[in-house]
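Single-structure report; data block below.
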Amino acid sequence: MKDESARMGSKIAVIGTGYVGLTTGACLAHLGHDVICADIVPEKVEALNRGEIPILEAGLDDLVHEGLRSGQLRFVLGSEHAVDDAEFVYLCVPTPQGEDGSADLSYIEAAAQQIGPHLQSEAIVINKSTVPVGSTFVVEQALGRADVSVVSNPEFLREGSAVHDFLNPDRVVIGAEDQGAAIRVAGLYLGLAAPLQVTDPASAETIKYASNAFLATKISFVNAIAAVCEAVGADVNDVVLGMGYDKRIGNAFLRPGPGWGGSCFPKDSRALVRIAEDAGYDFDLLKGVITVNEEQFERVADKIEHMAGGAVEGKTVAVWGLTFKARTDDMRDSPALEIVRRLRARGAVVQAYDPSVEEPGDPRLDGIEIATDPYAACAGAEVLAILTEWDEFKWLDFDKVGETMAAKRVVDARNLVDRTALLRRGFVYQGIGRA
Ligand code: UDX
């Protein structure tokens, strides 16, 4: 819902047009602000100005087109040109994992150094990138401006529903030393009905890491329980349902699967282990969460191999789903790719289909035969592995799937499809944490 006061509109620059920056820019323009987004890749800027969106993100096209039409959203090359008139500057540049597991701050420092001399006096720089505790200070140093405030405002956007999450947040967290700056940033979100938490920068930065680490912990926990269920003959779906009725537990984020991945959880959980270690705390619990996740990739690969008769060497394995989760085209740290890599290392021939992967040009797909439809992926396969929870996989013609395969065997690493319907059609079926 829009609020009239928000429609008064502030002048905002967004540095970086990746998942976070583009969503942030488009949503802020939708809330009535005047937004200029800057990127360093000329082709990307040109495409965005033509309204071409480089990522699959529900509702983002509409908002970008709306912003371009109204003139409230523009894309420019180079951050200097974006910031000279801005009251607020969002830093949305990547913080990849460095060699030692810590977050690499070089992009954020470079962006801050670049914009520093061009900022208006009293401008506020808002850090949305996920950064280690203390980075607000690093940004302040890189800006080199005593008349500019730096505020931490972590994002909690899930890929695939980032626009929805931005406009309907569970909370808005602002970390600032300067209360006046915090209040001005809070004003940007006036149109959103969400609890607002103002805290210090270190706490805001920790909230982001702690939230992602806790969510990863939930999934590793449920994947570990799934392993127990398999050992004792219980059904994890029923177990999770029964657990979820307890309001203290809840049923969200407890879906067993092939392990967690994506652009955030793997790097943020490792970064938090490192942050804790540097501060003198050995975060054994979180290390265990990461280990359980890596074991899960192996467990699923083992399951597929077992289903293929004990070895996959020289055998064809069909794979449905390559992205790290459904409704995104993102394959960064995808559990599906990790499992495929392990299968190929064991000698399997992998034929894969993913609704969002059209051309095999991506080097991460080298050696994988990319099929143009899910049935073609199954041709001659000894086993089908369902690795990403795309809805459309549920509604396919499994008689046709069975006719195409060399043997009717399915490993459903997302507990996605109707097990009973498959058994009725003569398939051998294995899910996660259930028979
Ligand atoms: C995550 C956080 O949810 C978001 O708040 C943060 O800011 C960015 O990181 P995202 O990476 O888009 O978002 O994916 P998310 O939907 O959280 O899923 C992460 C991984 O966990 C995926 O691999 C997904 O398949 C897996 N997952 C999620 C499960 O295996 N089971 C679940 O119940 C939920």
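Because only heavy atoms are used, hydrogens play no part in the values below, and waters and symmetry mates are left out as well, while side chains stay in. Atoms within a ligand are numbered from 1 in the order they appear, just like the ligands themselves.
At a heavy-atom distance under 4.0 Å, no atom of Val222 approaches ligand 1. Contacts with ligand 1 closer than 4.0 Å are made by no heavy atom of Lys218, backbone or side chain. Heavy atoms of Asp268 found under 4.0 angstrom from ligand 1: none, in either backbone or side chain.
Protein heavy atom closest to atom 3 (O) of ligand 1, with residue, atom name and distance, is Arg158 CG, 3.3 Å. Among all non-hydrogen protein atoms, the one lying nearest atom 1 (C) of ligand 1 is Phe265 CE1, 3.5 Å. Protein heavy atom nearest atom 21 (O) of ligand 1, with residue, atom name and distance: Ile219 CD1, 3.3 Å. Remark: minimum distance from atom 17 (O) of ligand 1 to any protein heavy atom is reached at Phe253 CZ, 3.1 Å.
Taking distance alone, with nitrogen or oxygen atoms compared against 3.5 Å, Arg414 approaches ligand 1 more closely than that limit. In terms of N/O distances under 3.5 Å, ligand 1 is approached by Gly261. Every N/O-N/O distance between Pro335 and ligand 1 stays at or above 3.5 Å. On a distance-only criterion, Arg255 and ligand 1 share at least one N/O pair closer than 3.5 Å. The distance criterion of under 3.5 Å between nitrogen or oxygen atoms is met by Lys325 with respect to ligand 1.
Across the listed options Gln296, Glu389, Lys208, Lys208 owns the non-hydrogen atom lying nearest to atom 7 (O) of ligand 1. Residue nearest to atom 5 (O) of ligand 1, selected from Trp260, Tyr19, Phe156: Phe156 (by heavy-atom distance).
For the 3.5 Å distance criterion, the side chains of Ser152 and Glu205 fail to qualify, holding no donor opposite an acceptor.
Here the two rings, on Trp320 and Tyr353, have centers that are 6.0 Å apart or farther. The aromatic ring centres of Tyr281 and Phe283 sit less than 6.0 Å apart.
Distances below 4.0 Å separate heavy atoms of Cys264 from the following atoms of ligand 1: 8 (C), 9 (O).
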